[in-house]
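Beneath this line is the structure, given in structure tokens, with notes to follow.
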Amino acid sequence: MAKPVIADRLLLVDTVDRWFHLEEPTFIDAGQAYWIDRSTSELCVDRGDGRVSRHAGAMCR
């Protein structure tokens, strides 16, 4: 698992780290942790209430 990043404000992301492009934009709220699961090509978001949402994407170069 990649090291999680904590959002410092509400984010609407469609790209993470310039190379990971999501199929659909995703909201990440302030204080939520997110990371890329490279084994499944998904953005994972720890919603803080015990659930982790997963959002499909792809690594691009």
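- By the side-chain hydrogen bond (donor to acceptor under 3.5 Å, both in side chains) test, Arg54 pairs with Asp37, Glu42, sequence neighbours left out.
- Evaluation of the side-chain hydrogen bond (donor to acceptor under 3.5 Å, both in side chains) rule for Ser53 yields Arg47, His55 as partners, not counting sequence neighbours.
- Contact between Asp49 and Arg51 at its shortest, heavy atoms only, is OD1-CG, 2.9 Å.
- The hydrophobic cluster containing Val5 also contains Val16, counting ILVMFWY residues as joined when their side-chain heavy atoms lie under 4.5 angstrom apart, directly or transitively.
- Residues Leu43 and Trp35 come closest through the heavy atom pair CD1-O, 3.5 Å.
- Here the straight-line distance linking atom SG of Cys60 with atom CZ of Phe20 works out to 9.0 Å at 0.5 Å rounding.
- Sorted by first then second residue, the side chain to side chain donor-acceptor pair (under 3.5 Å) pairs that include residues 5-19, not counting sequence neighbours, are Thr15-His21.
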### Query
Can you list the steps and then say if Val52 with Val45 is a side chain to side chain contact (heavy atoms under 4.5 Å, CB included)?
CA-CA 5 Å; Val52 174; Val45 182; 5.9 Å; no

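- Linking Ile, Leu, Val, Met, Phe, Trp and Tyr whenever their side-chain heavy atoms come within less than 4.5 Å puts Leu12 and Leu10 in one cluster.
- Shown here for Ile6 and Ala33, the closest heavy-atom pair between the two residues is CD1-CB, 3.6 Å.
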